Structure formats: structure tokens, C-alpha cells
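Worksheet: one structure, shown below.
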Amino acid sequence: MAIHAMQGVRNLARLACGVSLAVLAVSPAWAQDAADAAAPADEVAPEDEIVVTGFRASLDKALDVKRDSVSAVDAIVAEDIAKFPDQNLAESLQRIPGITIQRDGGEGRGITVRGLGSQFTRVRVNGMETVATSTDGASANRDRAFDFNVFASELFSSIVVHKTAEASLDEGSLGAVVDLNTGNPLAGKSGFTAALSAQASYNDLSEKTGPRVAGLLSWVNDAGTLGFAVSAAYSDQKTLELGNNTVRWAQARFDSVDGTPCWTTANSGGSYIPSAICDPVALAFHPRIPRYGEIAHDKKRLGITGSIQFAPTDATKISLDGLYSSFKHQRRERWAEVLLRSNERSINVSDYEIDGDNNLISATLDDAWVRTEHYLRKAKTEFYQVGATWDQDVGDSFRFTLLGGMSKSTASIPLETTIVFDDRDAQDYRYDYSDMANPLLTFGTSVTTPSNFQLAEIRDRPSEVENKFRTVQLRTEWDVADGFTVKAGGVYRRFDFSSIAFTRDTVVCGNGGVDRVLGTINCSPTSAFGPAAVYGFPGTSALADLFTLGKAGQPAGTTTQWLVPNLDATTAFTNLYNRTPVLDAGNNRAVREEVTGGYLQFDAKGEVVGLRYALNAGVRYVHTDQTSSGLTSGTLVTLKRSYEDWLPSMNLALFPHDDVIIRAAVADVMTRPTLGNLTPGGSVDGFNYRINYGNPVLNPFRATSYDLAVEWYFAPQSIFSVALFKKDIASFPVATTTSGTFASTGLPLSVIPPSSPAAGDPERQLWTITSIGNGAGAKLKGVEISLQAPFKFLPGFLSNFGGIANATFVDSDADYTVAGPTINPCVAPNCAFGPNIPGVRNGTLFNLSKRAYNGTLYYDDGKLSARASISYRSRYADANSGTGNVFEGYGSTINVDASVRYAITDNIEISVEGINLTDEYRYRFTDIDADRNYENNHFGRTFLFGARVKI
């Protein structure tokens, strides 16, 4: 097999994009047109050549991309995206060896490549680096990580994942560079091509059906010199997320234990009384906010792509590409809970059990703070990108590509509202986490009686995150001699990130006096306790809705009905949206990065002592100018810095046999620091008594990467490969955590959220103060094993089956600064609750699963096509935790998907797909040793029924 090393970048682009917009992942039935379009019209296959079509053709093209590259790449081409039962690009990418995904709302959102999370992956759309920020999930993405759920998979014709670095490849990745391609109009046939796909999407948990529609129109003139293509995709999906949540576990001192007073006065004030009864309960971990509830997702996606290409001669091609995506997401949550967090002082504990992991695993609570919440967030993400490319051959040996463009991504949250009902002296509440994933939660006090509640708190937190990107790049190639090419280029990029946020939050009552909302009721002091205490507006049936919990995995005896605030009624009653918003200081920041640089790369191919080889080697230089701003103590602070990187790299491919390739690579790589960590300001969490400071002089993540792989292409559409990889990470920012008083930080009281417990009593407890600094680094190593083959060796119809399987094993070693559990409930001289104990903990890199498996069994006879896919990801930590817990993350998951398609004619196909067929639960833990429940939710199965038509 001839390897054209000097054409590596162009071959990837041609193979990835040249599959024709007629197969723009909108319809699997168009794969034959892709194969036809990729070949010249007058080219006829030899009679004895087997022409592979359909899904197998797409596998062939993907293997061509992999085989013809000198560096390590993997690809999904055309029908791979269209026919995998995936809702978005992230779910398509998880089929590639070494890639795992993070899910939100039951849908893929971010990717981890070889153990390195989303922030370490750079994504390019049609050759331009892209940042797509979304508002999906429990919180908005305010960082470099690319949110793949912004885009419908139907918009793209191919994905190419570069796992090793080249000098000519954009820097910024320790994990991978992912190329998303929207097509190539001139690869299509002359004349018009039109296609339409329509599906109905049904979720069995929400019991809602929504449309998913995609269409394509393309045209090429008879001469093949001018072409355009337009595609669009729209979906409207309504799903539910049902389960339970604790919002972490914590230690705290209670009012009494089994009737023994733990304080000199009941409910508030006084001094703690150390004892053999009270101390063990204080030092055990209890759920901070045990609750069941429902999260309803309403997601609407609209995507539009457009491309015009003009090639007046064989030496010249000019392309103009545009992409627009709109992602609207409404998230509604309804919970019933007990707010132990910061309220343990008034709660009496009885009939309790402490397990072997020091968990207060079950207990009955009196004088508990019962709360129901109704939360609604309306959000919209808009993404625009325009790019132009000029490809020019200058003579037979020199060519260049000039690329320029801009993109903008805006994630806006105009409304993020929470209304709270409280009953602050409830009796006989019982929780039992003996089954950690599915606890028993029972309210003794009625939570369906309006008069038991008071409307105690209102919140609204509008915000917006904006990313702007612009670039100009020049890439040149000079064929100096047969088998030797010099590549050189220059780049300018400017990236602007800004975040702004406001709050309309307030508790209804402060420490006595007239209420803070309407000024119509007289509030009790915060020390008041019992049924006569006034801390909000009286609950009425006009302000409430009755909520019934569905199948959330709850055991028998769990309370499943409760009142929640009616948002329309309560926001109108409190005049919430007319309140003047207050700047949320910690979430107002901006970063600008300007990058200038260039590269020099040498590509060569030839033979040494009869052994064929191909290689590329070079160096990339980048200079980064960074400007960061944020609010510190209410003052805008701006800091500028610059740094530079020299990034040498080399890729070598050896061909001991026509069907065997041995690959080796080494490179210095870098990823710029997390945006949220670059602010010179700080953020204050008055609910959890936590303060976070940024560090605008953080060094980038820098590493040396080593790769070695063997690939055996033992039959058509077949491969067996083993890849070893290692990364020595030299610089690795690490968090530092201490405990202290709020006064010790020097921050003004005005930065504490007004609705939080700390606003009324900032020194109620010690604060956890976290910053981030430049750490000592980390190490990562692993292996990927992949096997793909059709079962042609089987007789009869069984030969139409085939399989794809891969496994990834990764390990890493990193040190983190953590804050472990409190070990003393009474610290002299004032018997304060002991601080969390800081220390260093060794673990894996965040987002790294040590094991991941993917398997697909397919059948394709040209008419009938069927596939079943399974993906496994082992347990992993994704962040430092809080309140004395060490690390938090997610349990292992297994996702099973399937699809069946039947071609009625060459132009009409019907299909049915099933996603998450086992209705897998997502278990999130806090504390990696004790495996305490953070949340356990499920999302239901999704079925899609559809038809595709080509004209």
C-alpha cells in the first residue's frame, strides 16, 4: 500500500470531506451516492471488483483515513454518524477507541480522550478551532470544553480524531484534536440533489413525542467547477430525569441525640456539650439535603449549514462555509427535601445508625427544616461560524492554503428562578441510606397541606457567557524532491471570553423586622423557633401545585406527593422579575488570548534496507498574550501576561508488510489553563461556606507524549490494532484548600449571596477557602485494543454480519490537595467545630476511567441493516469534593443502543432506533472511599421511528 506522507493533511481532508454532501448524515440511504460522487463520472469499476456500499462502505472510508495518515487518527465517515443510534456527536465519538463521554440529561455532552477530559481536547469545524459553550446540565459550561450537544449529528459528514500531534496541527491539546466536517459540494454529481429525513422521538419516562427532521439541497454545474449545498436539522425533545440527590454529605453538631442535649440551650445559642453520645453523631457524615425529585428537559435544536465552492481550474479551489446552531433548553426541577445543611443546630436526632464508613446512614429527625423547591431555567445557545478557504497549486511542486474566519458562541440564561416553601420545625422525618443508591425518605409532617409551609425565599440568576474567535492561517507545501516535502505556515488567533451574571435573590425575612420583599409582614428574629415563628409569607393553595413523583427508584414507604410553589403565581405575588438585579461579582470575568505562531515540518517517505517508511517531523512555535479581568473586593482588576512554547513533534510509520503498519510518535504538547481559574477575582458560596479564588498567572498544562501502535489490516474493512500511549505531564495546576474566618479573606460582606445562610451570620462556621496554583505534574499511560471485521467467512446470510469492538485501559498518577474530614467536634478555646483537615491525596486524573469497552454487532445485506451497540465506562472521579469528602465523580455505566433500517426502494428507507435500552441509572458519588450518594437518576429509553427520502 502506497503511503503519501507529504499529502497527509490533504488526504485527511479529502477522505473526510469528499464523501459528498449527498450523504451529509441525513440519510443512510444516500451512501451509494457518496461512493458514486467520490469517483469521477467516467470511471468504471472492473467487472471482478466487489463494490462495497452502505454501512460497510463508510467503514472502508474510515479505515482509509486511518491507514493513509502518518500520525495516529481515527475517523467516522458519513453513514457511521447517520446510522449509529446516537443523539449527537459525542455519542458517535464514544465508538472510537480511547474515547469516553460525559452525559447530562441522559445525553452525551463532553468527551474524554485517553483519560484526559474535555478541556484538553481542541475541536475544529471545517478546519477552524471552535469553542461551543452551552447552558445544558446542572450548570452552564463557562470554559474551553466543547459541548457536543449543541450540534445535531445530521449536520456533519465526518469526524476525524487526531490522537498524536504534528507541527502543522493546531496546538492546545493534551488529549486530541477533533475535526468536524460539514461536507464538500464539488464531490457531488452534477445537477440537483435533494433529501429529507423525518423521525418521531418518543421517551418512555416522559411519555412525550417530538419531531426530528433534517434536509439537504445541493447543486453542481455540469463542468464540476461550481457547487453549493445547504442542509438543515431540527429536533424537539422532551425528556425526564427522575431520582434522588443529597448535595454531598457533611459533619455537624445536632441539637440532641436520642434525647441527650448536645447544647446548653435548645434550638439556638448556648454552648456545645461534648459527650460520648453527641460526638460520634457530630463526626459522622450525614446527607446535607436528602431529597427525591424530577427534572424535566425540553430541548430544541436548529442547525443550518451552507457551503459554496468554486474551482475554475484544477489548480484553484475557493470555499466559503457557514454554520449556524441554535439550542434552546428549558430545565424544570421539583424537589422535596430536608435542609440539614447549616441547620443541624436545631435538629434532634434519634433512632440512628452509623455504618462502617462513618456515615449516619439512617436517622429520625425532629424540628427538621423541610423544604420544597420549584426551579426553572430558560436558556439559549447560539453559535455562528463563517470561514473561507483558498487552495492554490503554484506549479507542480508548490501549493498553499489560506484560511480565515470567525465564530461566536453565546450561552444566555435570561431566567433562572427558584421559589422555596419552608416548614422549619417539622417532626418525624425519616431517612435510610442502607441502600445508598435508592434511599427511603419519609416525611412525618404533611407536605401536602399549604398551611404547613411559608414562602421563604426567592431567587433569579440571569447570566450570559460569550466566546468570540477569529483566525487567519497560511499553510504551504513544497515538494523538494520525490518523497520529501517541506511544510511551513503561520497563524494568528484571537479568543475572547466574557461572563456576566446577576442575582435577584433574597430571603423573605431577615433577622426580624419587616419582610424584604413586599414589606407587609413582621418577621420573627432568626433565633425564634416553633409554629409561631414567621420567616415567610403564609402558604396558600393559590400559591401551590401538587406534585406526584414518578418512577424514581424509590423504595416502598417513600413520600411521593408534595406541594411545590406555583412559579407563575409566586413570581407574580413577590414581584420577583421587577426586582433590581445585583451584580454577581464572582461570576463576572473576562479573558482575552491572542496567539501568534508558525510551524516548520518535514515529510518524507522511502525505503531503508528494504523497509518502507513515512514520517513527519517538525516544530511549532506559539506566543500567547493573555489579559484577564475580574472583581476583587468589588474592584475590577485586570492583569496581563505572555508566554511562549516551542513544541517539537515526530510521527513515524513503518511498513514491514503491505497489511501491517507500525506507528511511533513523540511530541511536546500543551493546553492553556482553565478559563474559570484565570480570573483575578473570587467567588463566594454562602450556602456551603466556600470561597474560591482564581489565579491569572497559572502556567499551561505541558506534557511530553509518547505513542506506539501496531495495525494489521488483515482483510477488507478489517483491522486489528494495539496502541500504547504515555504522557508525562510536567505542569499540572492543583487546588490548595485551607479553613478560615470570612474576615480573614478581606472580602466585603456584600459579595455573600443575600439569600444564603452566611449573609445573616458570616462567621457561623469556618469557611473552606480554595485557590489554585502550579503543581508538580502527573503521569498517564494506557493501551487501546481494537478489532473490526465483517463475518465473510460465515455461510449464507450469516456473511452479512460483522462486528466492531475495542477496549481501553488507562492509569494515571497525580497528587491533589484535599480537605479531609473534621476529627474533633470541640476545638478550644470556644469549642468551635473542628476545621476540615488539609492534606495531599494521590489519585487518577479527573475524568479518567481506568477501563472502557465498546462493541457493535451489525447486519447489512443492502436492503436490511441492523445494529446493536454497547458501551461500558468504569467508575471515575471528576472533581475535588467539599465538606470533608475526598473527590467526587460517577459510577460505572453500561449503555445499550440498537437500530434497524430497511430500504423499500433505492430512494426510500424506514427505520426504528432505540437509545439507552436498559434505562441505565447514572450514579454520582461524593467521597471516593466511602462512595456516598451524591445523586442517582435515570432518563428513560428513547425510541425513534422514521423515514428517509432522496430525490
Side-chain angles (χ1 to χ4, degrees), residues 248-258 260-288 339-349 352 354 357-360 363 369 526-527 684-693 735-747 749 752 756-771 816-841 880-886 926-927 929-930 932:
R248 298 192 185 95
W249 294 54
Q251 302 164 293
R253 299 178 297 193
F254 291 88
D255 190 39
S256 71
V257 175
D258 274 344
T260 298
C262 300
W263 295 80
T264 55
T265 62
N267 299 321
S268 65
S271 301
Y272 182 72
I273 307 170
S275 71
I277 295 178
C278 295
D279 290 1
V281 174
L283 294 176
F285 281 82
H286 61 268
R288 296 168 73 241
L339 197 68
L340 284 89
R341 180 198 67 194
S342 303
N343 298 308
E344 294 90 348
R345 175 63 187 86
S346 67
I347 296 175
N348 303 312
V349 176
Y352 68 91
I354 299 176
D357 290 316
N358 196 32
N359 297 318
L360 191 64
W369 191 320
T526 53
S527 59
V684 177
D685 179 356
F687 293 92
N688 300 306
Y689 286 80
R690 303 180 72 181
I691 298 171
N692 290 284
Y693 284 103
T736 57
T737 303
T738 59
S739 294
T741 64
F742 185 81
S744 70
T745 68
L747 293 172
L749 294 174
I752 302 176
S756 67
D761 188 1
E763 305 297 355
R764 174 187 292 187
Q765 65 186 64
L766 291 176
W767 291 72
T768 299
I769 303 168
T770 302
S771 188
Y816 296 91
T817 301
V818 300
T822 291
I823 60 173
N824 196 332
C826 188
V827 179
N830 300 315
C831 201
F833 196 60
N836 290 334
I837 305 300
V840 175
R841 174 67 181 265
N880 266 323
S881 194
T883 60
N885 298 279
V886 177
T926 186
D927 198 276
D929 299 317
R932 300 178 181 113

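All values reported here derive from a predicted model rather than from experimental measurement.
Arg248 CZ to Asp927 CG: the interatomic distance, rounded to the nearest 0.5 Å, is 11.5 Å. To the nearest 0.5 Å, the span separating CZ on Phe833 from CZ on Arg345 amounts to 13.5 Å. Atom SG of Cys831 is separated from atom CH2 of Trp263 by 7.5 Å, given to the nearest 0.5 angstrom.
Counting heavy atoms from C-beta on, the side chains of Asp255 and Ile347 never come closer than 4.5 Å. A 4.5 Å side-chain heavy-atom check between Arg253 and Cys262 finds every atom pair outside the cut-off. Side-chain atoms of Leu283 and Ile823, non-hydrogen and from C-beta on, never get closer than 4.5 Å to each other. Looking at heavy atoms from C-beta onward, Phe254 lies out of side-chain contact with Asn348 at the 4.5 angstrom threshold.
In this view, Trp369 satisfies the ring pair (Phe, Tyr, Trp, His ring centres under 6.0 Å) rule with no residue, not counting sequence neighbours. Here Phe285 pairs with nothing under the ring pair (Phe, Tyr, Trp, His ring centres under 6.0 Å) rule; sequence neighbours left out.
The two residues Gln251 and Thr822 have their closest heavy-atom pair at OE1-N, 2.8 Å. Between Leu339 and Asn343, the shortest heavy-atom contact is O-ND2, 2.9 Å. Closest non-hydrogen pair, Ser256 versus Pro261, comes out as CB-CA, 4.0 Å. The heavy-atom pair separating Leu360 from Trp249 by the smallest distance is O-CZ3, 4.1 Å. Considering all non-hydrogen atoms of both residues, Gly820 and Asn836 come closest at O-CB, 3.2 Å. Contact between Pro280 and Ile354 at its shortest, heavy atoms only, is O-CD1, 3.7 Å.
Of the N and O atoms on the side chains of Arg932 and Asn885, at least one donor lies less than 3.5 Å from an acceptor on the other residue.
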Donor-acceptor pairs under 3.5 Å, side chain of residues 270-277 to any protein atom, not counting sequence neighbours: which ones?
from	atom 1	to	atom 2	distance (Å)
Tyr272	OH	Asp279	OD1	2.6
Ser275	OG	Ile277	N	3.4
Ser275	OG	Cys278	N	2.9

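At least one donor-acceptor pair closer than 3.5 Å links the side chain of Asn824 to the backbone N or O of Cys826. A donor-acceptor pair is defined here as one N or O able to donate and one able to accept, closer than 3.5 Å; such a pair exists between the side chain of His286 and the backbone of Ala250. Judged by distance alone, with hydrogens and angles left aside, the side-chain atoms of Thr265 form a donor-acceptor pair with the main-chain N or O of Ser268 at under 3.5 Å.
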> Which is it for Val840 and Val818 under the side chain to side chain contact (heavy atoms under 4.5 Å, CB included) test, yes or no, and what are the steps along the way?
Replying inline: CA-CA 6 Å; Val840 175; Val818 300; over 6 Å; no
